Amino acid sequence: MMMRNILIIGTILFAGVLFGQTKKNVSKTWENRDSEIAQKVFSKYQEKENKKFEAEKADLIKFQRKLKIEIINEGETEKLNQIFWLKVVKVNDGKFEQIIKTDSTKTEIKRNYDKSIWRDEAGGILFERYNPMKISQEYVSAKNSKGINETDIENKEIYETTNPVYSFSLRIYTHRKDFNAMAKTNFSKIINVYSEDKLIKTYTFTFDELKKLEGIQILDFKLDDFKK
């Protein structure tokens with residue numbers, strides 16, 4: 001009788017273990033299937049988003065143009081200093097060579113802490129896994145003897161892009177070297193903007209106008225917008 005009870009109990013325990021293992025295997029199988037399904041759904045979603053992303057880039061590329069900025073400074077340039085900043089934005093095509101060229105000795109390309117020369121559209125650092133729609137490159141005044149990005153003024157400055165870009169922004173702050181704001185100053189600045197070698201916009205400023213404006217700001221100028 002005791003042996004029989006032991007056999008019955010053993011059978012029940014074995015069946016319980018077997019059932020538990022079977023349930024565990026079935027659960028694991030369903031988990032694997034759920035994981036595979038989720039991965040397939042995510043892959044399809046990612047593929048769809050990538051195609052959408054590339055289509056948007058291709059559409060934006062249509063509006064890119066080669067840029068040329070000609071700056072003509074006339075008058076008492078020897079009495080003045082300026083702080084210069086130029087940013088060009090292009091669609092991210094995976095090419096990261098220098099795109100701005102100039103003969104100016106008063107400006108230099110702005111580099112990141114790792115010596116790279118490209119940033120995201122807003123000017124933030126580009127990370128290896130970060131793939132923004134647009135990227136930007138900047139030119140700034142060269143550092144003077146005091147280590148400040150400020151220089152004297154050349155009579156003529158030309159900045160060109162070697163490849164088409166989407167837009168540009170330009171800031172220039174001009175002031176007298178002696179900081180005498182009351183002194184009369186004979187000076188004018190002309191900025192000509194060319195798109196594909198065609199003049200599309202001219203800005204003209206006297207020194208008095210520059211003082212009132214507290215510097216020149218041309219922001220987010222899109223080169224396909226000829227009415228700007």
Side-chain angles (χ1 to χ4, degrees), residues 57 60-61 63-73 77 80-175 177 189-201 203 205 210 214-224 228:
K57 282 172 60 173
L60 288 175
I61 285 174
F63 300 104
Q64 295 196 139
R65 305 284 188 273
K66 279 190 175 181
L67 167 69
K68 176 182 174 182
I69 298 174
E70 178 185 50
I71 302 173
I72 302 170
N73 299 301
T77 56
L80 304 172
N81 274 354
Q82 74 175 14
I83 299 172
F84 177 94
W85 175 81
L86 168 66
K87 180 176 78 172
V88 297
V89 175
K90 74 167 185 173
V91 176
N92 184 3
D93 56 2
K95 298 177 182 179
F96 301 104
E97 69 275 6
Q98 184 170 328
I99 199 171
I100 304 172
K101 66 176 184 177
T102 180
D103 291 331
S104 172
T105 60
K106 306 299 181 180
T107 55
E108 61 187 20
I109 196 160
K110 186 174 182 179
R111 296 186 179 274
N112 301 319
Y113 69 93
D114 60 355
K115 304 302 181 183
S116 60
I117 57 176
W118 285 97
R119 300 174 171 230
D120 64 20
E121 183 179 8
I125 301 299
L126 281 178
F127 295 98
E128 186 175 349
R129 294 184 180 181
Y130 180 37
N131 183 32
M133 180 78 71
K134 301 174 195 167
I135 54 178
S136 65
Q137 191 171 107
E138 299 177 19
Y139 245 80
V140 296
S141 293
K143 289 185 178 180
N144 58 25
S145 58
K146 297 179 181 179
I148 301 172
N149 291 101
E150 179 178 280
T151 63
D152 52 8
I153 297 178
E154 298 173 296
N155 292 327
K156 190 173 184 179
E157 306 166 60
I158 294 178
Y159 300 87
E160 298 180 82
T161 62
T162 55
N163 289 297
V165 295
Y166 183 75
S167 66
F168 79 89
S169 295
L170 177 67
R171 288 192 180 104
I172 306 175
Y173 174 66
T174 306
H175 66 88
K177 293 179 180 179
K189 183 183 289 287
I190 300 168
I191 300 174
N192 292 319
V193 181
Y194 297 83
S195 173
E196 298 292 342
D197 292 325
K198 179 181 178 181
L199 180 63
I200 59 173
K201 184 69 177 180
Y203 299 89
F205 305 91
L210 292 175
E214 297 184 347
I216 297 167
Q217 288 198 74
I218 304 170
L219 303 178
D220 196 27
F221 188 116
K222 295 178 178 62
L223 295 176
D224 68 303
K228 193 178 252 317

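This structure is a prediction, so every number in the text was calculated from the model and none was measured.
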Legend entry - Parallel, tilted or perpendicular: rings of Y159 and F84 (30°, 60°):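 It falls in the parallel class, under 30°.
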Please tell me if the side chains of [X] and [Y] come closer than 4.5 Å, counting only heavy atoms from C-beta onward.
X    : Y    : result
I109 : Q137 : yes
N92  : M133 : no
I148 : K143 : no
I117 : N112 : no
W85  : S169 : yes
N149 : E108 : yes
I190 : I71  : no
I69  : F168 : yes

To check you understand the geometry: which heavy-atom pair defines the closest contact between [X] and [Y], and what is its length?
X    : Y    : answer
G124 : D120 : N-OD1, 2.5 Å
P164 : K90  : O-CB, 4.2 Å
K115 : R111 : O-NH1, 3.0 Å
I200 : S195 : CD1-CB, 3.7 Å

Find the distance between [atom1] ([X]) and [atom2] ([Y]) and round it off to the nearest 0.5 Å.
X    : Y    : atom1 : atom2 : answer
S167 : R65  : OG    : CZ    : 12.5 Å
N81  : T174 : CG    : OG1   : 9.5 Å
I83  : T151 : CD1   : OG1   : 9.0 Å
T77  : K189 : OG1   : NZ    : 9.5 Å
L67  : Y194 : CG    : OH    : 11.5 Å
E196 : Q64  : CD    : CD    : 10.5 Å

Inset, instruction - May I ask you to establish whether K201 and Y203 are in a cation-pi arrangement, using a distance under 6.0 Å from NZ or CZ to the six-membered ring centre and at most 45° from the ring axis? - result: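 Yes - K201 lies over the ring of Y203, closer than 6.0 Å to its centre and within 45° of its axis.
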Inset, instruction - Please say whether the positively charged group of K95, taken as NZ for Lys or CZ for Arg, lies over the ring of W118, i.e. under 6.0 angstrom from the six-membered ring centre and within 45 degrees of the axis. - result: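 Judged by the rule, K95 and W118 form no cation-pi pair.
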Inset, instruction - Indicate yes or no: does E70 engage K156 in a salt bridge with an N to O separation below 4.0 Å. - result: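 The answer is yes: the pair qualifies as a salt bridge.
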Any donor-acceptor N or O pair under 3.5 Å, side chains [X], [Y]:
X    : Y    : result
N73  : Q82  : no
E160 : T102 : no
H175 : E214 : no

Inset, instruction - Could you walk me through whether D152 and K106 pass salt bridge (Lys or Arg N to Asp or Glu O under 4.0 Å), step by step? - result: CA-CA 8 Å; D152 52 8; K106 306 299 181 180; 2.9 Å; yes
Legend entry - Check: K87 side chain, E121 main-chain N or O, donor-acceptor pair, under 3.5 Å: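 It does hold such a pair.
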Inset, instruction - Answer yes or no: does atom CD of E97 have more than 12 heavy-atom neighbours from other residues, nucleotides or ligands under 6.0 Å? - result: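 Yes.
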Inset, instruction - Look at atom NZ of K177 and say whether more than 12 heavy atoms of other residues, nucleotides or ligands are closer to it than 6.0 Å. - result: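 Counting neighbours around NZ of K177, more than 12 heavy atoms of other residues, nucleotides or ligands fall under 6.0 Å, so yes.
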Inset, instruction - Let me see the working for D103 and E157 under side chain to side chain contact (heavy atoms under 4.5 Å, CB included), right down to the final yes or no. - result: CA-CA 7 Å; D103 291 331; E157 306 166 60; over 6 Å; no
